Amino acid sequence: MEKENYLKDGERLDDLQLNGLHIIQNPEKFCFGMDAVLLSSFCAKTIRKKDKVLDLGTGTGIIPILLSAKAEPAHISALEIQDESVDMAKRSVNLNGLDEKIDIIHGDIKTASLNFGAAVFDAVTTNPPYMNDNHGIKNPDVPKAIARHEILCNLDDIARESSKLLKTQGRFYMVHRPFRMTEIICTLAKYKLETKRICMVHPFVSKEPNMLLIEAVKNGKPFVKFEPPIIVYETPGKYTEQLLEIYGLQQHTP
């Protein structure tokens, strides 16, 4: 089937510039951002080829699709609650010939452990909503609001279910906002997810970070490693070589 035949009204096909992979997106709904790309690269450093991985709140499936190439784990399950996103994710998986590698499942993060069972995954990844009721104005568009605000699940739900889903010494990966770092580390610890690795992402070298990449280990011992920060731009409109290497691109004007 031609790639264009996978598309529905209002959708587009984006080239991921990685192993010939593409993803279906609808710009009127919610498209993946840099945070998903950075998280997939962060995860790929320690996810193993034998691992069974779960992506919570997968959206249109960007993290599983990227991980299939960057880390090549044994299998990836991906959970998403929004019907339209599930449909797009399934079509993207099929388009890329990844049906044997990635399962897209319609379901709720808050009850994920009931669906999958306890202690069944080696790794859990998530790019969750960053904002709670005290942070910012909710987008009137429902899919975008759900993606950005803790409407259908919150940080506690994600940590609780991830801890149940992970095997002992299983790894949890998340991208979030630095202003919630204390809350994040405390919430993870509450559910025996010990923070082990942190990387801050700065828009410019002189600016404070606006993204946080974090890895935690279930029942791990206390020890945190801070990785060198990621700097996105050298100057306005010009990516750093560090970021281009993560994307696998040549220098260009975004």
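Here, residue 1 is the first one in the sequence, and each next residue gets the next number. Computed from a prediction, not measured in an experiment: that's the story for all the values here.
The OG1 atom of T58 lies 9.5 Å from the CD1 atom of I109; values are rounded to the nearest 0.5 Å. How far CG of D55 is from CZ of F121: 10.5 Å, rounded to the nearest 0.5 Å. One finds the CZ atom of F116 at 9.5 Å from the OG1 atom of T111 (value rounded to the nearest 0.5 Å). Interatomic distance, L95 CG to N5 CG, rounded to the nearest 0.5 Å: 10.0 Å. Annotation: the span from H75 atom NE2 to I102 atom CD1 amounts to 8.0 Å, rounded to 0.5 Å.
Taking each heavy atom of K70 and I246 in turn, the nearest pair found is NZ-O, 4.1 Å. For the residue pair D156 and K190, the shortest heavy atom distance occurs at OD1-NZ, 2.9 Å. In this structure, G59 and A89 approach most closely via the heavy-atom pair O-CB, 3.9 Å. Summarising the geometry of P222 relative to E194, their closest heavy-atom pair is CA-OE2, 3.6 Å, with the distance given to 0.1 Å. For I23 against G61, the heavy-atom pair with the smallest separation is CD1-C, 4.2 Å. Of all the heavy atoms in A44 and L67, the pair that sits closest is N-CD2, 4.4 Å.
In this structure, F172 is a member of the same hydrophobic cluster as V224, with clusters built from ILVMFWY side-chain heavy atoms closer than 4.5 Å. Linking ILVMFWY side-chain heavy atoms closer than 4.5 Å, directly or via other members, places M34 and F204 in a single hydrophobic cluster. Hydrophobic clustering places L165 together with L155 (ILVMFWY residues linked when any side-chain heavy atoms are closer than 4.5 Å, directly or through intermediates). Hydrophobic clustering places F226 together with L193 (ILVMFWY residues linked when any side-chain heavy atoms are closer than 4.5 Å, directly or through intermediates). The cluster map of Ile, Leu, Val, Met, Phe, Trp and Tyr, joined by side-chain heavy atoms under 4.5 Å apart, puts V201 and V205 in different clusters.
The pair R180-E183 counts as a salt bridge, with a side-chain nitrogen and a carboxylate oxygen less than 4.0 angstrom apart. Salt-bridge annotation for K167 and D122: present, with a side-chain N of the basic residue lying under 4.0 Å from a carboxylate O of the acidic one. Under the 4.0 Å criterion applied to side-chain N and carboxylate O atoms, D87 and K90 are not assigned as salt-bridge partners.
With hydrogens and angles ignored, the 3.5 Å screen pairs a side-chain donor or acceptor of Q25 with a backbone N or O of F32. A donor-acceptor distance shorter than 3.5 angstrom exists from the side chain of Q242 to the backbone of I231, with no hydrogens or angles considered. When atom types are taken as modelled, the side chain of H22 and the backbone of G20 share a donor-acceptor pair closer than 3.5 angstrom. Checking side-chain atoms of D51 against main-chain N and O of V53 turns up no donor-acceptor pair under 3.5 Å. A donor-acceptor pair under 3.5 Å links the side-chain atoms of H106 to the main chain of I81, judged by distance alone. With D157 contributing its side chain and N154 its backbone, the two residues share a donor-acceptor pair below 3.5 Å. Checking side-chain atoms of N19 against main-chain N and O of L21 turns up no donor-acceptor pair under 3.5 Å. In terms of modelled atom types and a separation under 3.5 Å, the side chain of T126 and the main chain of L56 share a donor-acceptor contact. Proximity of a side-chain donor or acceptor of E234 to a complementary backbone N or O of T240 within less than 3.5 Å is not detected.
Ring geometry for Y233 versus Y239: interplanar angle under 30°, hence parallel rather than tilted (30 to 60°).
For K192, the NZ atom counts as loosely surrounded, since its 6.0 Å shell holds 12 or fewer non-hydrogen atoms of other residues, nucleotides or ligands. For CD of E100, the number of neighbouring non-hydrogen atoms (other residues, nucleotides, ligands) closer than 6.0 Å is 12 at most. Crowding of E227 atom CD: a count of heavy atoms from other residues, nucleotides or ligands under 6.0 Å exceeding 12.
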Original post:
Can you list the steps and then say if E11 with E84 is a side-chain contact (heavy atoms from CB on, under 4.5 Å)?
Top reply: CA-CA 11 Å; E11 295 176 349; E84 284 182 287; over 6 Å; no
**OP:** Please step through side-chain contact (heavy atoms from CB on, under 4.5 Å) for the pair T60 and I24, ending with a clear verdict.
**Re:** CA-CA 7 Å; T60 55; I24 297 166; over 6 Å; no
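Using a 4.5 Å heavy-atom cutoff, the side chains of E72 and K49 are in contact. Counting heavy atoms from C-beta on, the side chains of S162 and M174 never come closer than 4.5 Å. Residues V175 and F42 form no side-chain contact, since every pair of their non-hydrogen atoms from C-beta on lies 4.5 Å or further apart. Contact of the K8 side chain with the N26 side chain is not registered, since no non-hydrogen atoms from C-beta on lie closer than 4.5 Å. Residues M88 and E80 are not in side-chain contact: their nearest non-hydrogen atoms beyond the backbone lie 4.5 Å or more apart. Residues K110 and R160 form a side-chain contact, since some pair of their non-hydrogen atoms from C-beta on lies under 4.5 Å apart. I62 is listed as a side-chain neighbour of L16, based on a closest heavy-atom distance under 4.5 Å. At a threshold of 4.5 Å between non-hydrogen side-chain atoms, the residues Y173 and L39 count as touching.
Of the N and O atoms on the side chains of S68 and K101, not one donor lies less than 3.5 Å from an acceptor on the other residue. Judged by distance alone, the side chains of E161 and S113 do bring a donor and an acceptor atom under 3.5 Å apart.
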Side-chain donor-acceptor contacts of residues 211-218 below 3.5 Å, not counting sequence neighbours, with atom names and distances?
| residue | atom | partner | partner atom | Å |
| --- | --- | --- | --- | --- |
| E215 | OE1 | T46 | OG1 | 3.3 |
| E215 | OE1 | R197 | NE | 2.6 |
| E215 | OE1 | R197 | NH2 | 2.7 |
| K218 | NZ | S163 | O | 2.7 |
| K218 | NZ | L166 | O | 2.8 |

